[in-house]
Amino acid sequence: MNVLMLTDKLTMGGAENYFIKLENKMNGEDVHLHTAAGEGELKEQISNKHNHLELSRTNHILNLWRLTGYIHKHKINVIHANSLRMVLYAEYLKFIVRKFNIKIIYTKHNITFLERFPKLFSALMNHGVARIITVSEYEKKVLTRYGVKEEIITTIYNGVDLETFTFEEKPKKNEFNVGILARLSKEKNHMLFLEIVASLKAERDIHFYIAGDGPERESIEGKIQELGIGDRVSLLGEVQKPHPFIQSMDALLLTSEREVFPMVIIEAMATGTPVISINKGGISEAIEDGETGMIVDQHSVKGFRDKIFSLKSDWELRKSIISAARRKVVRSFTSSQMVRDTLKLY
């Protein structure tokens, strides 16, 4: 079987890291994996560059022309799309290259614009896509409510590479580091994080860090000035290797307006850093409040602040959460399991 896996770009992000993990670890004897993607800093992590086609980030006609030739040359049977745009690419390619009877698999990482029109979205999925991979059971239920046929949906959880995200015991210390690792975009809701910082600026032993870059950087810098917390929060910029940053934190916050199932929470759980997260999407399938992390039901400054104080003041609770979270990742959220289940679906 010849599989072509597509994604828009190889910049730092959850869907892109998923793409890299599959490319690096997909070694089934009966599956020959090819990849195609727009450029980005993760391109260097592609292990089989001779089976990789670089796409343009803007010239879609050129991309489709080159992909058509690639499919003919390598006799592609399955296209695995990692964005809605790539599903549309795959639909076109399936229509043009009919001789190989191409099947389309779609891993749905994010909430898409087309979901504003559930009937149109479900029609596209039901009539064009052979299988949909959802990264949480929550997302599977959402799709069935839209009208997508349940029998074409399979949940395969995001997986963390335990060799990269190694577990380390945290020492008991007086200082407490609180961080957020996310693209600086509106849906990640860094403004709430900054309001949490402002509410705790009198706590001189709590230090706050923002890792990531993106279009909201200027707005975030302005908000920091407005709240007078420039001495309380550090903007670190893009983090190429997330493990050292996550491991250096005593708590990692997730304040997003919306999520499906973010990779960063299981990376933190694997590393030994407790997560305090808003209850969105499938996050509660990984984090049980007070057991494997902390859950806040509303975008509430007080809710997050209280959870930070709970973790900071209760060393035994922190140790218990760290241990239980690591066990849950080993049991349910490893990259080897993710690859194995995806290979089975192929």
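In this chain, numbering begins with 1 at the start of the sequence shown.
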Student: I'd like to know if D314 and R318 make a salt bridge, using a cut-off of under 4.0 Å between side-chain N and carboxylate O.
Tutor: no

Student: With sequence neighbours excluded, what pairs up with K223 under the side chain to side chain contact (heavy atoms under 4.5 Å, CB included) test?
Tutor: M191, L194, E195, E226, L227

Student: To which residues is V148 joined in a hydrophobic cluster, defined by side-chain heavy-atom contacts under 4.5 Å among Ile, Leu, Val, Met, Phe, Trp and Tyr, whether direct or through other members?
Tutor: L84, V87, L88, I104, Y106, F113, L114, F117, L120, F121, L124, M125, V129, I132, Y138, V142, L143, Y146, I152, I153

Student: Under 3.5 Å, which donor-acceptor pairs do the side chains of residues 338-346 form with other protein atoms, sequence neighbours left out?
Tutor:
| residue | atom | partner | partner atom | Å |
| --- | --- | --- | --- | --- |
| T342 | OG1 | M338 | O | 2.7 |
| Y346 | OH | H80 | ND1 | 2.6 |

Student: Is a salt bridge present between K9 and E39, judged by a nitrogen-to-oxygen distance below 4.0 Å?
Tutor: no

Student: Using a strict 4.0 Å threshold on nitrogen-to-oxygen distance, state whether E16 and K43 make a salt bridge.
Tutor: no

Student: May I ask you to check whether T107 and Y18 show a side-chain donor-acceptor distance below 3.5 Å?
Tutor: yes

Student: Compute whether any side-chain donor of one residue and acceptor of the other, for T273 and T271, lie under 3.5 angstrom apart.
Tutor: no

Student: Once the angle between the rings of Y89 and H60 is folded into 0 to 90°, is it parallel (under 30°), tilted (30 to 60°) or perpendicular (over 60°)?
Tutor: perpendicular

Student: Transitive ILVMFWY cluster of I322 at side-chain heavy atoms under 4.5 Å: who else is in it?
Tutor: F167

Student: Strictly by modelled atom types, are E285 and Y157 linked by a side-chain donor-acceptor pair under 3.5 Å?
Tutor: yes

Student: R85: what forms a salt bridge (charged side-chain N to carboxylate O under 4.0 Å, His left out) with it, not counting sequence neighbours?
Tutor: D8

Student: Are T144 and E150 linked by a side-chain donor-acceptor pair shorter than 3.5 Å?
Tutor: no

Student: Would you please say whether a donor-acceptor pair under 3.5 Å links the side chains of S136 and E139?
Tutor: no

Student: Does one side chain, of N82 or H109, offer a donor that lies under 3.5 Å from an acceptor on the other?
Tutor: yes

Student: Could you tell me if D297 and N279 have a donor-acceptor pair between their side chains, going purely by distance under 3.5 Å?
Tutor: yes

Student: Establish, from distance only, whether the side-chain atoms of E23 and S47 form a donor-acceptor pair under 3.5 Å.
Tutor: yes

Student: Between the side chains of K201 and D231, is the shortest nitrogen-to-carboxylate-oxygen separation below 4.0 Å, so that they form an ion pair?
Tutor: no

Student: Flag the pair K319 and E316 as a salt bridge only when some basic side-chain nitrogen lies within less than 4.0 angstrom of an acidic carboxylate oxygen.
Tutor: yes

Student: Could you note down all residue pairs passing ring pair (Phe, Tyr, Trp, His ring centres under 6.0 Å) where residues 190-246 supplies at least one of them, sequence neighbours left out?
Tutor: F165-H243

Student: Does this structure show an ion pair linking R217 with E221, if we count only N-O contacts that are shorter than 4.0 Å?
Tutor: yes

